[in-house]
Amino acid sequence: MKKIAILTSGGDASTMNKCLSTFVTYASEYDCEIYFVCNGYKGLYNNEFYKANFTVTKSWWDLPGTKIYSSRFPEIKEENVRNQMLENLKNNNIDCLVVIGGDGSYNGAKLLSKYGINVICLPGTIDNDVTSTTYSIGFDTCLNTVVDAIKKIKSCMNSLGTVGMVEIMGRHCIDLTVFAGIATESDIIITPSSHFTPEQLLEKIKEKRRTNKKGIMILYVENYLGTGDIPSVDEYIKYIHTNSKEKVKKNVLGYLQRGGSPTAMDLVRASLMTKEALELIKANMFNRVIGVNEFQVVSYEIEEGLKMKNPNREKLIKNFF
C-alpha cells in the first residue's frame with residue numbers, strides 16, 4: 001500500500017476540498033493510504049501530518065477554501081528547510097507528495113523533486129496562471145463569483161449613469177479580467193495587453209457614451225495600475241473628474257473572489273484531475289503536473305510544464321473590447 005501525503009499551498013481556491021474528497025473516495029481502489037499535511041509547505045517543514053478520515057473528508061466535497069489550510073512559505077528556497085522536509089517525509093514513510101496550488105507551489109515541488117521526492121502537482125488557483133492546463137481548479141468558481149459581483153455593481157452604475165471601475169484578481173494573469181469582461185458585456189478592460197493612458201481612457205469613455213447613456217463598466221487587472229510609470233487608479237479617476245462631467249466609482253472586490261461554493265464545472269475538473277493523479281501514482285509515474293484540455297486530462301513532466309507559456313488573449317480582447 002502506497003502512502004500519499006497531500007498539501008494545499010499558496011492562495012486558497014474553491015474546489016481544493018473537492019480534490020481532497022476525491023482522493024479519499026478512490027484511495028482504496030488504488031491501494032493507497034491518504035495523509036494530509038496541514039498549512040502547506042510550512043506544515044511539511046513542521047511535520048504536521050495526519051491520516052485522512054474517510055467520513056469527515058467526504059463531507060468537504062462542496063466546501064470553499066481548504067480544510068487542511070494553506071500558507072505562503074518562501075523559506076522552501078533554503079536548502080536546510082528542504083532537508084528537513086525530506087526527513088519528515090521519510091520518517092512518515094511517504095511514497096508520494098501531492099501538491100495542490102499555483103505556479104509558485106509548482107516551483108516548490110520542482111525543488112523537492114530534485115531531492116528524490118516523488119511529487120504530483122494539481123493546479124489549485126483562482127488565477128488560471130498555471131500554463132500546463134487550460135483551466136485551473138477554482139478558476140471557474142472565482143469567475144462566476146466575479147461575474148455575480150459585477151452584475152450587482154452594474155445595476156447601480158446603470159441607475160445613476162456613472163462609470164464603475166472594478167479591480168479583478170489574477171496576479172500576472174489577465175484571464176479573470178478578460179473572461180469576466182466578455183461575460184458581463186463590460187465596456188472597457190485595462191490590462192498590460194489593453195493599456196490606456198488617462199487621456200486615452202477618457203476618450204474611450206466618450207466614445208462609449210455615443211451609444212451608452214447608462215452605466216459604463218471598466219475592469220482592470222490587479223497589480224498593474226500604479227506600477228512603474230503607470231498612473232494609479234486614483235490618478236485615472238482624478239483626471240476623468242477634472243476633465244469631464246463623468247463620475248467614476250472605484251470597486252475593489254478583494255477576497256470575496258476566493259470564496260463561494262464550487263461550480264459544477266470546477267467539481268468535475270477537480271475529479272478528473274485527481275483521478276489522473278491516482279493513475280499516475282499507481283503506475284509509478286512521478287514528478288508530473290496534471291491539467292485539462294477541455295475534458296481531456298493531460299499531464300507533463302514538471303520541468304516541461306513549468307516552461308509552458310500563458311496563452312495570448314490579445315485576439316479575445318480585440319474581438320470584444
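Hydrogens, waters and symmetry mates are skipped; everything else that's a heavy atom, side chains included, is used.
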Taking [X] for the side chain and [Y] for the main chain, is one N or O donor matched with an acceptor at less than 3.5 Å?
| X | Y | value |
| --- | --- | --- |
| R258 | D12 | yes |
| Q200 | T197 | yes |
| S71 | F73 | no |
| N17 | G65 | yes |

Quick one: OG on S136 to CG on L122, what's the gap to the nearest 0.5 Å?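 CG of L122 is found 11.5 Å from OG of S136.
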
Lys/Arg-Asp/Glu bridge criterion (N-O < 4.0 Å) met for [X], [Y]:
| X | Y | value |
| --- | --- | --- |
| K238 | D234 | no |
| D266 | K18 | no |
| E33 | K2 | no |
| E29 | K275 | yes |
| E185 | K154 | no |

I'd like to know if the side chain of [X] pairs up with that of [Y] as donor and acceptor (distance under 3.5 Å, no hydrogens or angles considered).
| X | Y | result |
| --- | --- | --- |
| Y300 | R288 | no |
| T274 | T22 | no |
| Q84 | N88 | yes |
| Y30 | E279 | yes |
| T25 | K58 | yes |
| T8 | T66 | yes |
| N107 | K77 | no |
| N92 | N47 | yes |

Count I, L, V, M, F, W, Y as connected when their side-chain heavy atoms are under 4.5 Å apart, and connections chain through other members. Are Y26 and I4 then in the same cluster?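 Yes, one cluster joins them.
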
List the atom of L272, the atom of V297, and the distance in Å for their closest heavy-atom pair.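 Minimum heavy-atom contact is CB-CG2, 3.7 Å.
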
Do you know the tightest heavy-atom contact between S9 and S105?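 S9 and S105 have their closest heavy atoms at OG-OG, 2.8 Å.
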
Of E167, H172, H195, the residue whose pairing with Y224 passes side-chain hydrogen bond (donor to acceptor under 3.5 Å, both in side chains):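 Running side-chain hydrogen bond (donor to acceptor under 3.5 Å, both in side chains) over E167, H172, H195 with Y224 returns exactly one hit, H195.
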
Under 6.0 Å from the six-membered ring centre of Y115 and within 45° of its axis: does the NZ or CZ of R82 meet both?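 Negative - R82 is either too far from the ring of Y115 or too far off its axis.
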
